[in-house]
*Asks:* 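Got a structure here, written out as structure tokens. Questions coming.
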Amino acid sequence: MSERKLLEQGLAHHRAGRAREAADCYQQVLRANGTQPDALYLLGVLAHEAGNHAAAVQVIQRAIQVSGSQPRLHEVSGLALMALDRLEEAEANLLRATEAATPGAFNNLGILRKRQQRWDDAVAAFERAVELNGAFTDALYNLGNAYHAKQRYAEAAAVLRRAVDSQPDHADALAALGETLRAMGRYDEAAPVLRKAIQLRPGDAQLRCSLAAVFEAQREFADAEECYRAALEIDPARYETQHNLGHCFFELGRSDEALDCFRKAEEGPSKALPRAMLAVMIPGAPKATNEDVLVAREAFAADMPAVEALHTSLPRGDSARIRIGYISSFFHRQNWMKPVWSLIAQHDRDQFELHLFSDAHESAMPEGYSADARDRYHDISKQSNREAAAVMAAQKIDLLIDLNGYSKLHRLPLFTLRPAPVIVGWFNMFATTGMDCYDYLIGDEQVIPPEEERFYCEKIIRVEGSYLTFDVSYPVPEIVEPPCVQSGRIAFGCLAPLYKITPQAIAAWAEILQAARGGSLVLRGSALQSSGARRYLTDAFAEHGIAAERLRLHGPAPHHQFLETYNEIDIALDTFPYNGGTTTTEAIWQGVPVIAFNGDRWVSRTSASILHAGGLSEFINRDLESYIRQAIQLAQDPSTPERLAGLRRNMRSRLRSSPVCDTPGFARRMEAIYRRLLDRA
């Protein structure tokens, strides 16, 4: 057979994927003519395609020796050298290949430079490839990725759309376009693009995770859950996906499932993030015990890098007044911080010098609050922990009170620096910190019984009354008549965030509704702007026999309008095990009683603390069964509308005269505690 026929036959085998037959044809040519350039070139290409890169380099070098430098030879040699990680030699060859000004050569040069993280050079090479061939899909895809890496998202999206238009089934381009649109915050556009990529590559777990991330960004956690589950079915060893699935469960109130996911994620190579989430959410997981909370938080604390305290022993300041430091990221959240601002407003400035360390970018002062001119305000929002601690130490703070707790994980290491002689946790604390640097936690007799102190690293201090004593100093809606007076049916409600509404709470509320003779349930929260969250809740209640029409689900609203939702509610139902705090105080201030029960941990007794101090102990039950029974009895009792109407008429005056709103007395009691703690230091 002639040389030309053998080459044609070999090329036909080559194109059909019959590598062995193609190689045999090329070898026959070379046995007859060892310097035949086309045979050498094609044999080199075949070797490179088969993964025999070293052999490819040798063959192509022979071709160059016998036929001289040719761009096509240098291109194959460059690709083989790049596969061998001989990048400098590869670049020299690919540069020679671009002398032919072919789009493929520039695309390959761009790939090499991308691998070297030389993004500007990569962009230039890909741009040249696209300039030479505007329909070159792979070059468009590569250019889009390079733009994305340079955070030139608008250009990336435009180029990737061209790639997809050129080749609609290019799954990589679709995936890259979806990721770029996600980075731009164009989630509604990203989702269908990623769905199409998944249709083309149904076994790609990462694509499903990308789509889930889009849903998470939209706070569509139910849809994100579905995607993460599918990804884990494909690849069960994706520990990061386990973590992300746990986050979705947490946001949906399915805390026990979240707990399981974070524990699985903790088995992976990166333990810090799942341990952090475990530490944050575990007090609200129904199946967790006080011992579990302690262990999880101690494990998180053990992961913190060891630091040397600024001072091994800080003396008391030399001021005649005691210097108190309050640190918070939420001073501006007036409604949530009611107990804090109520205390600050009542402090005796002749005896105490107040320092507010604000970790929020917003102003620390809520609207309408008149600051005392003697108070000191410190913006630490842009400071590191060490810088902030140095500021506190320089102010000679005597007693530092953390109001954040686990709501701001990045600030917890600050306290290990010991910027004050005494460090106390209060307000947003409802479990141990697990950290040795906290000296005390302040609670009350309702939330921490003596037998549970063994589950705390800190010494427990109990203030008389409720540790969440509050005053409402900002405009709120007027109290109106309970809706059941007109309707004759009880409307239950809960305005707590969805992450507190556990499956156990849903089951209990469904049981109440089953017996409530046409009663309804009103829920409102930011999560309920999500169609997935609303669908999740209606499906969850449907499983317990409660039809969707008995649920009234409202999304977020400005705070005054949010509080007006209590006009639709006769009786509020507390969440468990993670009780309402702000939610409970707002409900009773709007005249709506809250049915609660004493749980098995601090976070499960917060409402009991508020209700007891507010003179509403008749709504505190000893357990879940009596909680359900009281709600049903009230719904079935024909005298309930009249009773609730009377309660509403007198609620605010009743609260104002109770210990829960005795903010001057609370301030004196807290100040006495502060003095006592400093005397011990």
Side-chain angles (χ1 to χ4, degrees), residues 15 41 44-45 48-49 60 69-83 85 87-186 189-201 204 206-207 210:
R15 287 170 176 163
Y41 166 69
V45 171
H48 169 62
E49 291 173 347
I60 295 298
S69 178
Q70 295 179 26
R72 66 171 187 167
L73 298 177
H74 286 292
E75 187 167 3
V76 177
S77 180
L79 291 172
L81 288 163
M82 182 164 49
D85 208 29
L87 301 186
E88 290 185 9
E89 298 171 81
E91 182 176 17
N93 277 270
L94 291 173
L95 282 169
R96 296 291 299 275
T98 60
E99 293 173 3
T102 59
F106 281 102
N107 185 56
N108 289 327
L109 179 61
I111 291 171
L112 172 68
R113 289 171 169 173
K114 174 183 171 183
R115 183 167 164 182
Q116 293 172 313
Q117 301 291 300
R118 294 163 53 189
W119 292 107
D120 289 335
D121 292 337
V123 165
F126 292 136
E127 285 177 336
R128 180 62 175 142
V130 170
E131 181 183 326
L132 291 166
N133 181 359
F136 188 0
T137 306
D138 285 348
L140 289 166
Y141 162 69
N142 287 328
L143 178 58
N145 271 342
Y147 282 148
H148 186 113
K150 293 288 294 178
Q151 298 184 352
R152 294 164 60 177
Y153 297 127
E155 293 166 281
V159 169
L160 290 166
R161 284 196 186 279
R162 287 174 59 189
V164 171
D165 290 342
S166 174
Q167 187 177 331
D169 62 348
H170 197 301
D172 287 340
L174 284 163
L177 177 58
E179 288 289 355
T180 298
L181 293 169
R182 180 167 75 94
M184 298 172 75
R186 291 160 59 177
E189 297 174 67
V193 171
L194 289 168
R195 282 197 185 99
K196 187 173 180 181
I198 289 170
Q199 289 174 356
L200 294 168
R201 290 212 306 248
D204 190 324
Q206 182 54 49
L207 276 176
S210 296

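In this chain, numbering begins with 1 at the start of the sequence shown.
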*Asks:* To the nearest 0.5 angstrom, please state how far the CG atom of Leu95 sits from the CZ atom of Phe106.
*Replies:* 9.0 Å
*Asks:* Answer yes or no: is there a side-chain heavy-atom contact under 4.5 Å between Glu189 and Met184?
*Replies:* no
*Asks:* Atom CZ of Arg118 and atom CZ of Arg115: how far apart are they, to the nearest 0.5 Å?
*Replies:* 13.0 Å
*Asks:* Distance check, rounded to the nearest 0.5 Å: Leu112 atom CG versus Asn107 atom CG?
*Replies:* 11.5 Å
*Asks:* So Leu181 and Arg161, do their side chains get closer than 4.5 Å, heavy atoms only?
*Replies:* yes
*Asks:* Which atom names give the shortest non-hydrogen contact between Ala156 and Gly144, and what distance separates them?
*Replies:* CB-O, 3.3 Å
*Asks:* Taking all atoms of both residues into account, what is the closest heavy-atom pair of Ala105 and Ala97, and its distance?
*Replies:* CB-O, 3.7 Å
*Asks:* Any side-chain heavy atom of Met82 within less than 4.5 Å of one from Leu87?
*Replies:* yes
*Asks:* Val123 versus Leu143: any side-chain heavy-atom pair under 4.5 Å?
*Replies:* yes
*Asks:* Quick check: do Glu88 and Leu81 have side-chain heavy atoms less than 4.5 Å from each other?
*Replies:* no
*Asks:* Hey, could you give me the CG/CG distance between Leu177 and Asp172, rounded to the nearest 0.5 Å?
*Replies:* 12.5 Å
*Asks:* Taking all atoms of both residues into account, what is the closest heavy-atom pair of Ala190 and Gly178, and its distance?
*Replies:* CB-O, 3.5 Å
*Asks:* Nearest 0.5 angstrom please: Ser166 OG to Asn133 CG, how far?
*Replies:* 8.0 Å
*Asks:* Are Asn145 and Lys114 close enough, and set up right, to give a side chain to side chain contact (heavy atoms under 4.5 Å, CB included), and what steps lead you there?
*Replies:* CA-CA 9 Å; Asn145 271 342; Lys114 174 183 171 183; 3.9 Å; yes
*Asks:* So, do Leu174 and His170 sit near enough that their side-chain heavy atoms are less than 4.5 Å apart?
*Replies:* no
*Asks:* I'd like to know if Asp120 and Arg113 make a salt bridge, using a cut-off of under 4.0 Å between side-chain N and carboxylate O.
*Replies:* no
*Asks:* At their closest point, which heavy atom of His148 faces which heavy atom of Ala183, and how far apart are they?
*Replies:* CE1-CB, 4.1 Å
*Asks:* With rounding to the nearest 0.5 angstrom, report the CG to OG1 distance, Asn93 to Thr98.
*Replies:* 11.0 Å
*Asks:* Testing the basics here: between Ser77 and Ile60, what is the closest heavy-atom pair and its distance to 0.1 Å?
*Replies:* CB-CG2, 3.7 Å
*Asks:* If you define the side chain from C-beta out and look only at heavy atoms, does anything of Leu194 sit under 4.5 Å from Arg182?
*Replies:* no
*Asks:* Hey, are the side chains of Tyr141 and Val164 touching, using non-hydrogen atoms and a 4.5 Å cut-off?
*Replies:* no
*Asks:* Thr180 side chain to Tyr153 main-chain N or O, any donor-acceptor pair under 3.5 Å?
*Replies:* no
*Asks:* Taking Arg162 for its side chain and Gly134 for its backbone only, find out whether a donor-acceptor pair lies under 3.5 Å.
*Replies:* yes
*Asks:* If you compare all heavy atoms of Leu207 against all heavy atoms of Ala175, which two are closest, and at what distance to 0.1 Å?
*Replies:* CD2-CB, 3.3 Å
*Asks:* Looking at Arg96 and Glu99, does any basic side-chain N land under 4.0 Å from a carboxylate oxygen?
*Replies:* yes
